[in-house]
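Along the sequence shown, the residues carry numbers beginning at 1.
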Amino acid sequence: MRPIRLPEPPNTTIGVPEIFEGGAYSIIRRAVIIGNGSPGSENQSIGLVRALGLYDKHVLYRVTRPRGGINEWLHWLPVSLHKKLDYLIRLIQIYSRERNYAPLPLENGGGSVGLASVLEADVKQIVNMARQTYDKDGPLLVVASGRDTISIASSIRRLASENVFVVQIQHPRSELNRFDLVITPHHDFYPLTPQGQEQVPRFLHRWITPREPPDKHVILTLGALHQIDSATLRSTAAAWHDEFAALPKPLLVVNIGWPTSHCRYGADLAKQLTAYLLGILSSCGTVRISFSSRTPEKVSKVIVKELADNPKVYIWDGQEPNPHMGHLAWADAFVVTADSVSLISEACSTGKPVYVMGGERCKWKLSDFHKSLRERGVVRPFTGSEDISESWSYPPLNDTAEAASQVREALAERGWRVKP
């Protein structure tokens with residue numbers, strides 16, 4: 001009998017793909033986040049960095065605009081021009097000795113608590129740091145989000161393209177090749193759809209952005225990126241256990257945003273929402289309501305007046321600690337106003353029922369966002385006839401993890417990888 005030749009045992013040493021060989025220069029160990037002071041925008045960048053495993057290795061820089069007085073009317077200007085105009089205004093104040101303008105805060109909000117450690121985004125400083133530390137620390141991942149960060153992020157890539165990998169979150173509206181990657185929701189391309197084209201007079205088409213369909217630089221998501229995943233929800237549930245565990249069930253969380261140009265509402269929606277909540281209150285054990293810092297007073301007043309005295313209802317007063325993360329972990333269902341892509345995206349990452357209030361008021365690309373969610377079975381319109389004790393589920397949105405996976409693939413094509 002011929003002896004049986006067994007296969008060679010697998011090599012216990014994990015092989016490294018050829019594109020990753022070559023030492024520290026090919027491994028990304030650190031990240032820079034460029035924010036604009038908006039919690040929603042910065043949360044997206046932090047969420048992506050966290051999903052890539054670099055949360056403990058990132059530094060936050062911030063693009064700041066002058067504030068106070070006439071500056072509140074100048075936010076439509078590019079940041080660089082706005083700062084130059086502000087400098088001119090300051091000179092006029094000095095030479096004319098006028099005191100009609102409100103004092104303007106220092107960069108990053110002056111003495112505001114928590115901002116002293118946030119660095120002002122400086123292109124030369126970040127570029128020099130990326131170049132000078134490249135041999136020792138490897139490439140630098142740069143993640144930016146928001147209109148005000150576009151010029152900073154694109155300049156960093158132009159000046160240090162061999163040392164950085166730049167990801168811009170939210171569509172920059174033009175010249176996508178200024179970045180290594182752009183991550184943006186699918187509905188940002190709504191203007192290019194037949195429905196979008198029909199809503200704009202033909203002579204305005206050339207002025208509507210984006211003008212080109214997504215190319216190889218673009219990662220499309222359904223909603224906004226954020227920091228919520230199953231691990232975060234588990235740890236948050238433990239952190240908020242004492243406050244939420246004993247609450248009567250089911251727990252309905254109501255998140256109220258603010259009207260936008262694509263989703264307008266006022267006291268009328270507040271009255272309708274209040275009526276609907278009273279209609280389903282009997283099927284709830286507890287209702288917890290949170291307003292955004294930008295929720296109009298005319299909206300919050302209606303809801304507080306009608307519901308604040310109800311024993312089943314708790315309305316967050318805006319004081320720290322913010323229970324938002326606890327709400328995501330412990331809620332059995334959500335009602336969210338239709339204006340906020342971020343709030344809806346976070347709620348839809350839990351796999352729990354999400355009811356949208358006011359979706360019929362949305363237009364343009366925001367209406368396309370809600371249509372996509374409904375088609376996926378992720379949300380339902382809030383009608384006031386729901387039985388909150390009857391649950392339903394869906395595959396949770398996983399945009400952040402999926403985007404991070406595609407970022408890793410793009411890095412691999414360049415011969416880089418994120419440190420595991």
Side-chain angles (χ1 to χ4, degrees), residues 36 38 40-41 43-45 47-48 76 144-150 167-179 181-226 257-265 269 294 336-349 354-382 394-400 402-403 406:
N36 61 357
S38 165
S41 293
N43 188 49
Q44 294 199 64
S45 298
L48 179 64
W76 55 274
S145 180
R147 179 171 64 93
D148 288 348
T149 69
I150 292 172
V167 179
Q168 183 72 33
I169 300 175
Q170 299 179 342
H171 202 293
R173 303 303 169 199
S174 63
E175 301 180 58
L176 300 182
N177 59 1
R178 290 180 294 168
F179 311 94
L181 283 178
V182 172
I183 302 176
T184 193
H186 189 276
H187 62 259
D188 268 357
F189 289 90
Y190 179 73
L192 298 179
T193 65
Q195 298 88 344
Q197 295 281 303
E198 290 175 0
Q199 295 181 41
V200 179
R202 185 171 295 275
F203 73 91
L204 290 178
H205 282 185
R206 62 178 297 186
W207 304 105
I208 301 298
T209 58
R211 301 185 185 93
E212 300 292 335
D215 61 14
K216 64 179 182 179
H217 295 93
V218 179
I219 296 174
L220 292 177
T221 62
L222 179 54
L225 305 188
H226 49 74
W258 64 93
T260 67
S261 59
H262 296 316
C263 191
R264 299 186 182 278
Y265 61 85
L269 181 76
R294 297 170 65 181
V336 188
T337 53
D339 55 272
S340 178
V341 174
S342 294
L343 289 175
I344 293 171
S345 298
E346 288 181 338
C348 291
S349 70
V354 178
Y355 300 98
V356 175
M357 182 68 194
E360 70 284 355
R361 298 170 183 250
C362 296
K363 59 182 181 179
W364 195 232
K365 64 180 182 179
L366 197 54
S367 67
D368 189 55
F369 168 63
H370 287 290
K371 178 183 176 184
S372 298
L373 291 177
R374 291 193 299 270
E375 289 175 348
R376 288 267 298 259
V378 175
V379 302
R380 297 178 184 179
F382 187 46
Y394 49 86
L397 291 191
N398 202 25
D399 280 332
T400 307
E402 292 171 2
Q406 293 183 67

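For the atom pair CG (Leu225) and CD1 (Ile183), the distance works out to 5.5 Å, reported to the nearest 0.5 Å. In this structure, the separation between CD on Glu212 and CG on Leu192 is 8.0 Å, given to the nearest 0.5 Å. Atom SG of residue Cys348 and atom CG of residue Leu343 lie 10.5 Å apart, to the nearest 0.5 angstrom. Here Thr221 contributes atom OG1 and Asp399 contributes atom CG; the two are 4.5 Å apart, rounded to the nearest 0.5 Å. How far OH of Tyr265 is from OG1 of Thr337: 4.0 Å, rounded to the nearest 0.5 Å.
Looking at Glu346 and Asn43, their side chains come closer than 4.5 Å, going by heavy atoms from C-beta outward. Looking only at side-chain heavy atoms (C-beta outward), Arg374 and Val379 come within less than 4.5 Å of each other. Side-chain contact check for Val378 versus Val354: every heavy-atom pair is 4.5 Å or farther apart. Residues Phe382 and Val336 are not in side-chain contact: their nearest non-hydrogen atoms beyond the backbone lie 4.5 Å or more apart. Under the 4.5 Å side-chain criterion, counting only non-hydrogen atoms from C-beta, Lys363 is not in contact with Gln199. Within the 4.5 Å cutoff, side-chain heavy atoms of Met357 are placed close to those of Leu269. Put simply, the side chain of Leu397 reaches to within 4.5 Å of the side chain of Leu373, judged on heavy atoms.
Remark: Asp188 engages His171, Arg173, Thr184, Pro185, Lys365 in a side-chain contact (heavy atoms from CB on, under 4.5 Å) (not counting sequence neighbours). Among residues two or more places apart in sequence or in another chain, the side-chain contact (heavy atoms from CB on, under 4.5 Å) test is passed with Gln406 by Ile219.
Looking only at distances, no side-chain donor or acceptor of Gln168 sits under 3.5 Å from a matching main-chain atom of Leu181. Under the 3.5 Å distance criterion, the side-chain polar atoms of Gln170 are left unmatched by any main-chain donor or acceptor of Ser145. Thr400 places a side-chain N or O within 3.5 Å of a backbone atom of His226 that can act as its donor or acceptor partner. A donor-acceptor pair is defined here as one N or O able to donate and one able to accept, closer than 3.5 Å; such a pair exists between the side chain of Arg178 and the backbone of Glu175. In this structure, the side chain of Asp339 engages the main chain of Trp258 through a donor-acceptor pair within 3.5 Å.
Pro172 approaches Val182 most closely through the heavy-atom pair CD-CG1, 3.7 Å. Residues Ala338 and His370 approach most closely at O-NE2, 2.9 Å, considering heavy atoms. In this structure, Phe369 and Ser345 approach most closely via the heavy-atom pair CZ-OG, 4.3 Å. Shortest non-hydrogen contact noted between Ala224 and Val341 is N-CG1, 3.9 Å. Heavy-atom minimum distance, Cys263 versus Cys362: SG-SG, 3.0 Å.
For the 3.5 Å distance criterion, the side chains of Gln195 and Asp368 fail to qualify, holding no donor opposite an acceptor.
Note: His262 and Trp364 have tilted aromatic rings, judged against thresholds of 30 and 60 degrees for the angle between ring planes.
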